[in-house]
Amino acid sequence: MRAVVWLVEGTWPACVDAVRVHAPHAREVVLLHVSGPEVPGVAHGAFAGLMGRGRGWEADPGDRLEALGDGSAAELLDAAAERLGRPCVREERSGRPEREVVAAAEGAGLLVLARDGDRSRLGPHSLGPAARFTVDHAPCPVLLVWPEQAPGLGTIPPPPHHR
């Protein structure tokens, strides 16, 4: 079985721990990080708007943000591999995270990801848009983990009142 682990800043340790516990015999573990194009794209666009003021392309801040993002992703993948403590594949993708994760999970036996929404209570709001899309479209079984201790059952909202 091939297990894909979606690593996101802040929640990745829980995902790595979950694959160690729930898929210890996976023949291949893929540590996946996806960089979205939003921040560098905004910086490139803002800088392009200033070109009329005599600035040169060599100082485009979007390039610097891309380099910083690449370095941060490499550090995260290194830390996750160390925590996993076994041979693994490190994969970095760029694009819309939810679509890249679904594509990376093609042919996998398991996809591991963490909740990315309101984690203060149980329920559907504990999934943000990216995790919801991924869970709904994953081409393989999904292990959805809480990045910290799950909230108690008392956090479930009461059922709606019927009239």
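As the structure is a computational prediction, the values presented were derived from the model and not from experiment.
- In terms of modelled atom types and a separation under 3.5 Å, the side chain of Thr11 and the main chain of Pro147 share no donor-acceptor contact.
- Summarising the geometry, atom CG belonging to Leu7 is positioned 7.5 Å from atom NE2 belonging to His33; distances are rounded to the nearest 0.5 Å.
- Within 6.0 Å of the CZ atom in Arg90, the count of heavy atoms belonging to other residues, nucleotides or ligands exceeds 12.
- To the nearest 0.5 Å, atoms CG (Asp78) and CG (Leu31) are separated by 10.0 Å.
- Counting all heavy atoms, side chain and backbone alike, Val102 lies closest to Ala138 at CG2-N, 4.4 Å.
- A donor-acceptor pair under 3.5 Å links the side-chain atoms of Arg2 to the main chain of Glu106, judged by distance alone.
- Val5 and Met1 fall within a single hydrophobic cluster, where Ile, Leu, Val, Met, Phe, Trp and Tyr are joined by side-chain heavy atoms under 4.5 Å apart, directly or via other members.
- Closest non-hydrogen pair, Pro97 versus Val34, comes out as CA-CG1, 3.5 Å.
- Considering only heavy atoms from C-beta on, Val101 stays 4.5 Å or farther from Leu113 through its side chain.
- Hydrophobic clustering, with ILVMFWY side chains joined whenever heavy atoms are under 4.5 angstrom apart, keeps Val16 apart from Leu144.
- A distance of 13.5 Å separates CZ in Arg83 from SG in Cys88, rounded to the nearest 0.5 Å.
- Between Pro24 and Arg86 the shortest side-chain heavy-atom distance does not fall below 4.5 Å.
- Nearest heavy atoms, Cys15 versus Val145: SG-CG2, 3.9 Å.
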> Going through the checks in order, is the side-chain contact (heavy atoms from CB on, under 4.5 Å) test met by Arg121 and Ile156?
Replying inline: CA-CA 7 Å; Arg121 61 188 175 133; Ile156 297 174; over 6 Å; no
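- One hydrophobic cluster, built from ILVMFWY side chains closer than 4.5 Å, holds both Leu84 and Trp12.
- Grouping the Ile, Leu, Val, Met, Phe, Trp and Tyr side chains by contacts below 4.5 angstrom, directly or via other members, places Val29 apart from Leu111.
- Within the model, atoms CZ of Arg132 and NE2 of His125 stand 10.0 Å from one another, a figure rounded to the nearest 0.5 Å.
- With sequence neighbours left out, the side-chain contact (heavy atoms from CB on, under 4.5 Å) criterion links Glu9 to Ser72, Leu76.
- A heavy-atom distance below 4.5 Å is not found between the side chains of Ser120 and Thr155.
- Side-chain contact check for Thr134 versus Asp136: every heavy-atom pair is 4.5 Å or farther apart.
- The backbone N or O of Ala131 sits less than 3.5 Å from a side-chain atom of Asp116, completing a donor-acceptor pair.
- When all heavy atoms of Ala108 and Val4 are compared, the closest pair comes out as CB-CG2, 3.8 Å.
- Val30 and Leu77 fall into different hydrophobic clusters, where Ile, Leu, Val, Met, Phe, Trp and Tyr residues are linked whenever their side-chain heavy atoms come under 4.5 Å apart, directly or through other members.
- The side-chain contact (heavy atoms from CB on, under 4.5 Å) test applied to Ser126 returns Arg115, Trp146, not counting sequence neighbours.
- Residues satisfying the ring pair (Phe, Tyr, Trp, His ring centres under 6.0 Å) criterion with His137, sequence neighbours excluded, are Phe133.
- Salt-bridge formation is detected for the pair Glu91/Arg93: a Lys NZ or Arg NE/NH1/NH2 atom is positioned less than 4.0 Å from an Asp or Glu carboxylate oxygen.
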